[in-house]
Amino acid sequence: MSEFKELHLQALMNAKWEEPDWQTLETTREGAWLLERHSMTERLKAHCRTLAVEVLGLHEIEQSALTENELSLLGEESCLVREVVLSGDGDAWLCARTLVPKSTLTEKEQDIADLGAVPLGQRVFNQANARRDAIEVATVVVEGQFLLARRSRLWVNEKPMLVSELFLPDAPVYQEEG
Ligand SMILES: C=C(O[C@@H]1C=C(C(=O)O)C=C[C@H]1O)C(=O)O
């Protein structure tokens, strides 16, 4: 994995998540992105011709490797970690790290472990019962740049996963018309 991507994933893992100030954020361009409750994939697709997913890593972590906060959001069990970068028309726009508890990867959700280059949101939001909660936001500094990040819990068939997303410098969220 490139140093560039390592840097961003590390920054994402060290983010200090906070409850968003909904009232303020909802009125801003950034807020429309950070508070997106439906699919981020769909929102990104609306700003490019081709959205590509590159899987940077896919590995298991033990319950002992989860933070207290992650355990409280997901329950006490080992998880599959999926790390990706999403690119719009060849520009890297978003790094994401998703924790999927082993008990989520059961029954109809077993395929989530093998998504590959299929965007997670495309898979999750094709089900009517998909929902997102526990949205938190953070600002992280990478190589002197202040970047926006968010973390949220996705539910599919009432089974959770925790999605952290870091908006990279070229992401549409930072562009005027975004
Ligand atoms: C969860 C979503 O899926 C997007 C794609 C991801 C992936 O492919 O791993 C991870 C986070 C999201 O940016 C979404 O579209 O909301």
Side-chain angles (χ1 to χ4, degrees), residues 1-2 4-6 8-13 15 17 20 25 30-61 70 73-74 79-102 104-105 108-140 142 147-175 178:
M1 187 190 317
S2 75
F4 164 86
K5 292 162 186 169
E6 285 272 5
H8 289 93
L9 283 170
Q10 199 53 53
L12 198 48
M13 289 170 67
W17 302 111
L25 260 184
E30 295 81 1
W33 289 86
L34 291 169
L35 304 177
E36 173 62 68
R37 300 191 80 93
H38 194 66
S39 170
M40 183 59 71
T41 301
E42 287 312 306
R43 179 175 273 272
L44 289 169
K45 279 183 175 178
H47 288 77
C48 61
R49 286 180 303 282
T50 308
L51 185 74
V53 178
E54 178 188 355
V55 179
L56 304 176
L58 188 68
H59 57 274
E60 288 189 19
I61 57 169
E70 290 165 344
L73 286 163
L74 291 175
C79 290
L80 177 71
V81 184
R82 171 179 162 95
E83 297 166 330
V84 301
V85 59
L86 274 62
S87 299
D89 297 339
D91 293 330
W93 281 355
L94 182 145
C95 255
R97 181 175 187 267
T98 303
L99 297 172
V100 190
K102 298 302 282 299
T104 294
L105 294 169
K108 288 199 302 181
E109 278 61 52
Q110 293 178 68
D111 66 298
I112 290 176
D114 306 308
L115 281 179
V118 173
L120 177 64
Q122 184 177 311
R123 164 62 179 81
V124 167
F125 285 99
N126 76 4
Q127 292 191 217
N129 64 19
R131 60 188 170 90
R132 186 190 303 269
D133 67 4
I135 295 177
E136 295 172 284
V137 295
T139 300
V140 302
V142 180
L147 300 175
L148 298 172
R150 75 167 190 166
R151 187 178 71 175
S152 56
R153 182 171 53 185
L154 274 189
W155 297 86
V156 58
N157 281 327
E158 294 311 304
K159 298 184 286 185
M161 64 191 85
L162 194 60
V163 186
S164 299
E165 295 160 304
L166 174 63
F167 294 94
L168 301 176
D170 291 340
V173 63
Y174 306 112
Q175 313 306 327

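One-based numbering, in listed order, for ligands and for the atoms of each. Below, all heavy atoms of this structure are taken into account, side chains as well, without hydrogens, waters or symmetry copies.
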Asks: Do Arg123 side-chain atoms and Leu115 backbone N/O form a donor-acceptor pair below 3.5 Å?
Replies: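 Checking the backbone N and O of Leu115 against the side chain of Arg123, no donor-acceptor pair under 3.5 Å is found.
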
Asks: Which ligand 1 atoms are under 4.0 Å away from a heavy-atom of Ala96?
Replies: 10 (C), 11 (C)

Asks: How far is atom 5 (C) of ligand 1 from its nearest protein heavy atom, and which residue and atom name does that atom have?
Replies: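 Residue, atom and distance for the closest contact: Leu120 N, 3.7 Å.
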
Asks: To which protein heavy atom is atom 12 (C) of ligand 1 closest, and what is the distance rounded to 0.1 Å?
Replies: Glu165 OE2, 3.1 Å

Asks: Suppose I only count heavy atoms of Phe125 and a 4.0 Å limit; which atoms of ligand 1 are within that range?
Replies: 16 (O)

Asks: Taking only heavy atoms of Val84, which atoms of ligand 1 are found under 4.0 Å from at least one of them?
Replies: 7 (C), 9 (O)

Asks: Check contact between Arg132 and ligand 1, using heavy atoms of the residue and a distance below 4.0 angstrom.
Replies: yes

Asks: Taking 4.0 angstrom as the limit and counting only heavy atoms of Thr41, give me the atoms of ligand 1 inside it, by number and element.
Replies: 3 (O), 4 (C), 5 (C), 14 (C), 15 (O)

Asks: Which of the atoms of ligand 1 are close to Pro119, meaning less than 4.0 Å from one of its heavy atoms?
Replies: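 Those qualifying, in numeric order: 8 (O).
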
Asks: Hey, which atoms in ligand 1 end up nearer than 4.0 Å to a heavy atom of Leu94?
Replies: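 By the 4.0 Å cutoff, the relevant atoms are 13 (O).
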
Asks: Specify the protein heavy atom at minimum distance from atom 3 (O) of ligand 1: its residue, its atom name, and the distance to 0.1 Å.
Replies: Gly121 N, 2.9 Å

Asks: Could you tell me whether the side chain of Arg82 and the main chain of Asp114 form a donor-acceptor pair under 3.5 Å?
Replies: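 Not at all, since once roles are kept as given, no pair shorter than 3.5 Å links the two residues.
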
Asks: Evaluate side chain to side chain contact (heavy atoms under 4.5 Å, CB included) for Glu83 paired with Leu12, printing each intermediate quantity in order.
Replies: CA-CA 11 Å; Glu83 297 166 330; Leu12 198 48; over 6 Å; no

Asks: Among Val140, Leu147, Val173, which residue meets the side chain to side chain contact (heavy atoms under 4.5 Å, CB included) test with Phe167?
Replies: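 Result for side chain to side chain contact (heavy atoms under 4.5 Å, CB included) with Phe167: Val173.
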
Asks: Should the proximity of Arg82 to ligand 1, defined as any heavy atom under 4.0 Å, be assigned to the side chain, the backbone, both, or neither?
Replies: side chain

Asks: Please identify which atoms of ligand 1 are closer than 4.0 Å to at least one heavy atom of Leu154.
Replies: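 Counting atoms of ligand 1 from 1, those under 4.0 Å from Leu154 are 1 (C).
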
Asks: Should you measure from each heavy atom of Val163, which atoms of ligand 1 turn up under 4.0 Å away?
Replies: 11 (C)

Asks: Show the numbers, then the answer: is there a side chain to side chain contact (heavy atoms under 4.5 Å, CB included) between Val156 and Lys108?
Replies: CA-CA 10 Å; Val156 58; Lys108 288 199 302 181; over 6 Å; no

Asks: Is there a heavy atom in Val124 that sits closer than 4.0 Å to ligand 1?
Replies: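 It does not; every heavy atom stays at 4.0 Å or beyond.
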
Asks: Give a yes or no on whether a salt bridge exists between Arg153 and Glu136, defined as a side-chain N under 4.0 angstrom from a carboxylate O.
Replies: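 No, Arg153 and Glu136 are not salt-bridged.
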
Asks: Got a salt bridge between Lys102 and Glu60, using NZ or NE/NH1/NH2 to carboxylate O under 4.0 Å?
Replies: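 A salt bridge is present here (some side-chain N lies under 4.0 Å from a carboxylate O).
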
